[in-house]
Amino acid sequence: MSVDKDTVRRIAHLARVQVAEEKLDALAGEMNNILDWVEQLNELDVTDVEPMTSAVETTLHWREDKVTDGNKAEDVLANAPDAEYGFFSVPKVIE
Amino acid sequence: MNTDKTYTVKGVTGDWEIVVGLEVHAQVISNAKLFSGASAAFGAEPNANVSLVDAAMPGMLPVINGECVRQAVRTGLALGAQINKWSRFDRKNYFYADLPQGYQISQFQFPIVGEGEVVVDLGEGRTKTVGIERLHLEQDAGKSLHDQHPDATYVDLNRSGVALMEIVSKPDMRSPEEAGAYVRKLRTILRYIGSCDGNMEEGSMRADVNVSVRKSGDPLGTRCEIKNVNSMRFVMQAIEYEARRQVDIIEDGGMIKQETRLFDPNKGETRSMRSKEEAHDYRYFPDPDLLPLEFDDAFMTDAKASLPELPDAKKIRFTESLGLSGYNASVLVAEKENADYFEALLAEIVKATGKGEREVAKQAANWVISDLFGHLNKSGAAISDSPVSPAGGAELLKLITDGVISGRIAKDVFEIMYETGKSAAAIVEEKGLQQVSDTGEIEALIDQIIAGNPGQVAAYRGGKDKLFGFFVGQVMKATGGKANPQVVNKLLRKKL
């Protein structure tokens with residue numbers, strides 16, 4: 001698998017990360033290095049090995065169906081660049 | 001029995017078949033959200049039901065709500081579907097203002113519920129089996145309000161993180177009618193088992209509709225997905241419009257572009273969602289914050305034991321054990337509350353009369369469907385608001401079977417019961433509506449009428465049979481409608 005400049009531009013856009021045009025080539029190189037490195041894992045035969053889902057022997061913790069949180073709109077909105085009438089206010093998103 | 005009516009779209013090149021599949025999003029009934037302890041209730045102040053997990057603050061971790069898992073399993077069981085004791089949550093990545101995480105926690109590769117099926121009622125005894133492809137659990141997004149400010153969108157995260165079940169059908173439907181009936185049946189089942197309130201107006205149930213067209217026997221055509229349709233009528237309208245649009249494009253030599261569209265209920269048409277033109281690349285991957293979702297057989301057994309009698313089973317019982325018509329049974333089972341009322345009424349009648357269920361079921365069903373539903377519909381009330389209780393209804397019906405009042409008078413009595421909440425017996429007593437079955441009294445009246453109408457009597461005896469009704473009418477008039485019709489008929493025939 002190999003990443004080119006267009007792919008980097010596209011990934012950056014999907015993640016809404018602004019990347020200057022002149023940095024795209026360098027990033028493509030870095031990403032390819034990472035991919036190559038991970039690619040080495042494919043050399044291992046894992047046919048009979050169950051996928052590992054956690055480093056420790058544990059299972060998913062379940063929560064009871066109780067309301068234990070909420071009613072903190074002020075906290076929730078504290079970091080919002082803009083908020084009005086209890087809502088987050090963002091630049092108009094037109095459907 | 002399978003459907004024999006074939007729905008087609010007429011084109012200049014012949015008839016086109018339509019192929020429809022639905023993804024229904026059903027909000028799970030639970031107190032708290034899927035991965036946080038904030039309330040899942042509808043209608044709170046903006047951002048009141050939001051925890052820092054729902055707002056995607058850095059460092060917050062999702063913890064699954066067991067009740068949402070149980071509801072998904074119960075729903076899967078009610079759909080006769082495969083339950084997967086091992087499933088997994090994946091991140092579906094996309095960017096939108098009402099999705100603070102930047103991804104939705106969903107189940108992509110390993111859903112909690114696999115294949116099942118739903119038998120859909122198409123009326124006139126026609127049914128169709130629609131396959132279920134899968135059901136998975138996922139988070140709802142927040143709500144964007146675009147119309148409150150000229151150049152801002154307001155975002156309310158109250159819905160963000162509420163548990164949804166996405167129920168995906170196979171592309172088995174071939175007409176708008178079938179799709180509408182499928183949504184209706186799904187809604188009925190969800191409401192029976194109490195895993196979703198099915199309230200389409202509040203958005204707790206909504207459908208994405210996939211439509212394509214083809215010539216009969218051809219491979220599947222390219223489909224378009226109509227997003228977020230929020231009523232059964234709109235589902236049908238959207239399909240009808242979209243199929244026509246696709247046929248027109250193909251017949252004009254065009255190609256269908258696979259895309260996401262919106263249904264505009266005011267114009268009754270679908271249109272392309274311009275903002276989503278860019279092909280989606282969700283970059284699914286297993287959510288590293290969550291271990292696989294696992295449960296044992298005991299959990300499934302408990303979930304199964306918690307299910308009530310389902311609508312299909314109830315309908316069969318109503319027709320086979322109670323002897324109701326298929327139509328009446330369908331009407332009664334369509335809403336669980338209605339079926340519950342009917343069964344409570346039946347129990348009360350059996351208690352009051354000592355008769356068997358089967359003996360009284362037909363009369364009870366007819367009364368519920370024509371009288372009670374008729375009045376409820378007229379006043380726009382739900383059965384839970386009925387001013388006449390099952391016990392009250394049973395008392396009224398017993399007065400008919402006991403011959404105290406006629407069926408005709410019973411309708412008037414019911415009207416008064418409905419308006420005043422008084423008991424049937426009290427109304428009959430108060431207004432002196434008891435049926436006159438006393439043959440002596442009726443006989444005397446008939447004698448008077450015969451004496452008073454010699455012309456009609458002669459004509460009747462001369463062969464004008466229709467005049468019989470005239471005499472019945474006269475007797476009824478004289479008794480204020482209270483004469484027992486059977487007695488009147490019998491005596492009149494004897495005397496004339």
Side-chain angles (χ1 to χ4, degrees), chain A residues 1 3-4 6-19 31 34-35 38 41 46 49-95, chain B residues 30-33 35-41 44-55 57 63-70 88 93-98 100 102 142 144-146 148-158 262 273-276 278 281 283 286 290-294:
Chain A
M1 193 176 165
V3 169
D4 61 12
D6 283 344
T7 310
V8 177
R9 192 184 287 119
R10 185 173 145 70
I11 295 168
H13 174 68
L14 286 171
R16 298 307 192 273
V17 176
Q18 197 171 30
V19 177
M31 283 185 185
I34 296 168
L35 289 170
V38 175
L41 292 174
V46 291
V49 182
E50 263 193 51
M52 188 178 81
T53 50
S54 170
V56 281
E57 197 64 26
T58 178
T59 52
L60 184 66
H61 178 68
W62 290 30
R63 163 200 296 281
E64 258 189 89
D65 186 28
K66 280 189 182 152
V67 176
T68 55
D69 209 339
N71 288 316
K72 49 174 75 157
E74 267 180 43
D75 292 351
V76 166
L77 294 168
N79 289 333
D82 196 6
E84 276 186 296
Y85 312 110
F87 295 101
F88 290 91
S89 179
V90 302
K92 193 124 182 152
V93 188
I94 308 279
E95 275 291 318
Chain B
S30 64
N31 298 316
K33 294 184 178 181
F35 294 116
S36 88
S39 167
E45 288 294 305
N47 290 307
N49 295 343
V50 180
S51 76
L52 299 182
V53 177
D54 310 314
M57 293 296 167
V63 183
I64 196 156
N65 179 344
E67 175 62 11
C68 299
V69 177
R70 198 179 76 96
R88 193 182 73 194
N93 299 277
Y94 67 98
F95 186 84
Y96 202 74
D98 55 25
S144 298
L145 294 96
H146 301 292
Q148 305 291 306
H149 190 282
D151 35 48
T153 291
Y154 287 160
V155 179
D156 175 8
L157 297 182
N158 280 345
L262 268 184
M273 286 173 78
R274 276 174 300 138
S275 66
K276 306 255 167 128
E278 172 188 298
D281 181 353
R283 295 153 291 147
L290 290 158
L291 286 158
L293 175 57
E294 293 174 276

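In what follows, every chain begins at residue 1, and chains take the letters A, B, ... in the order their sequences are listed. For clarity, every value in this text was computed on a predicted model and none was experimentally measured.
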Quick check on A:E84: does its CD atom have over 12 non-hydrogen neighbours (other residues, nucleotides or ligands) under 6.0 Å away? yes

Within 6.0 Å of NZ in A:K66, more than 12 heavy atoms from elsewhere: no

May I ask you to name which of B:N158, B:V69, B:I64 has the most heavy-atom pairs under 4.5 Å with chain A? B:I64

Least distance between heavy atoms, B:A97 atom then A:V90 atom: CB-CG2, 3.9 Å

Within a reach of under 6.0 Å around CD of B:E294, are more than 12 heavy atoms found that belong to other residues, nucleotides or ligands? yes

Could you tell me the separation between the CG atom of B:N31 and the OG1 atom of A:T68, rounded to the nearest 0.5 Å? 11.0 Å

Within the structure provided, determine whether B:D281 and A:R10 are in side-chain contact (heavy-atom separation under 4.5 Å). yes

Taking all non-hydrogen atoms of both residues into account, name the closest pair between A:S89 and B:A152 and its distance. OG-CB, 3.5 Å

Interatomic spacing from CG in A:D69 to CG in B:L52 - rounded to 0.5 Å: 6.5 Å

Given the options B:R283, B:Q148, B:H149, which has more heavy-atom pairs under 4.5 Å with chain A than any of the others? B:R283

Report yes if some heavy atom in the side chain of B:Y154 is under 4.5 Å from a heavy atom in the side chain of A:Y85; otherwise report no. yes

Residue pair A:F87 / B:V155, side-chain heavy-atom distance below 4.5 Å: no

Using non-hydrogen atoms and a 4.5 Å limit, figure out which bit of B:R88 sits close to chain A: side chain, backbone, both or neither. neither

At a heavy-atom distance under 4.5 Å, which candidate from B:G102, B:P150, B:P100, B:A41 has the highest pair count against chain A? B:P150

Go through B:A55, B:G66, B:A40, B:C68 and name the one with the most non-hydrogen pairs under 4.5 angstrom from chain A. B:G66

So, applying side-chain contact (heavy atoms from CB on, under 4.5 Å) with A:W62, which one of B:N65, B:V63, B:L293 is it? B:L293

Find the one option among B:D156, B:D151, B:V53 whose heavy-atom pairs under 4.5 Å with chain A are most numerous. B:D151

Chain A contacts, top residue of B:N93, B:T153, B:L290 (heavy-atom pairs, under 4.5 Å): B:T153

Minimum heavy-atom separation for A:V76 and B:M57, please, with both atom names. O-CE, 3.5 Å

Measure distances from B:S144 to the heavy atoms of chain A and classify the residue's part below 4.5 Å as side chain, backbone, both or neither. neither

The reported gap from CG in B:L157 to CZ in A:F88 (rounded to nearest 0.5 angstrom) is 5.0 Å

Measure the shortest side-chain to side-chain distance between A:T58 and B:L291 over non-hydrogen atoms and say whether it is less than 4.5 angstrom. yes

Checking heavy atoms, do the side chain of A:K72, its backbone, both or neither come under 4.5 Å from chain B? both

Do the charged groups of A:D65 and B:R70 touch, with an N to O distance under 4.0 Å? no

Got A:V93 and B:H146 here, is their nearest side-chain heavy-atom distance under 4.5 Å? yes

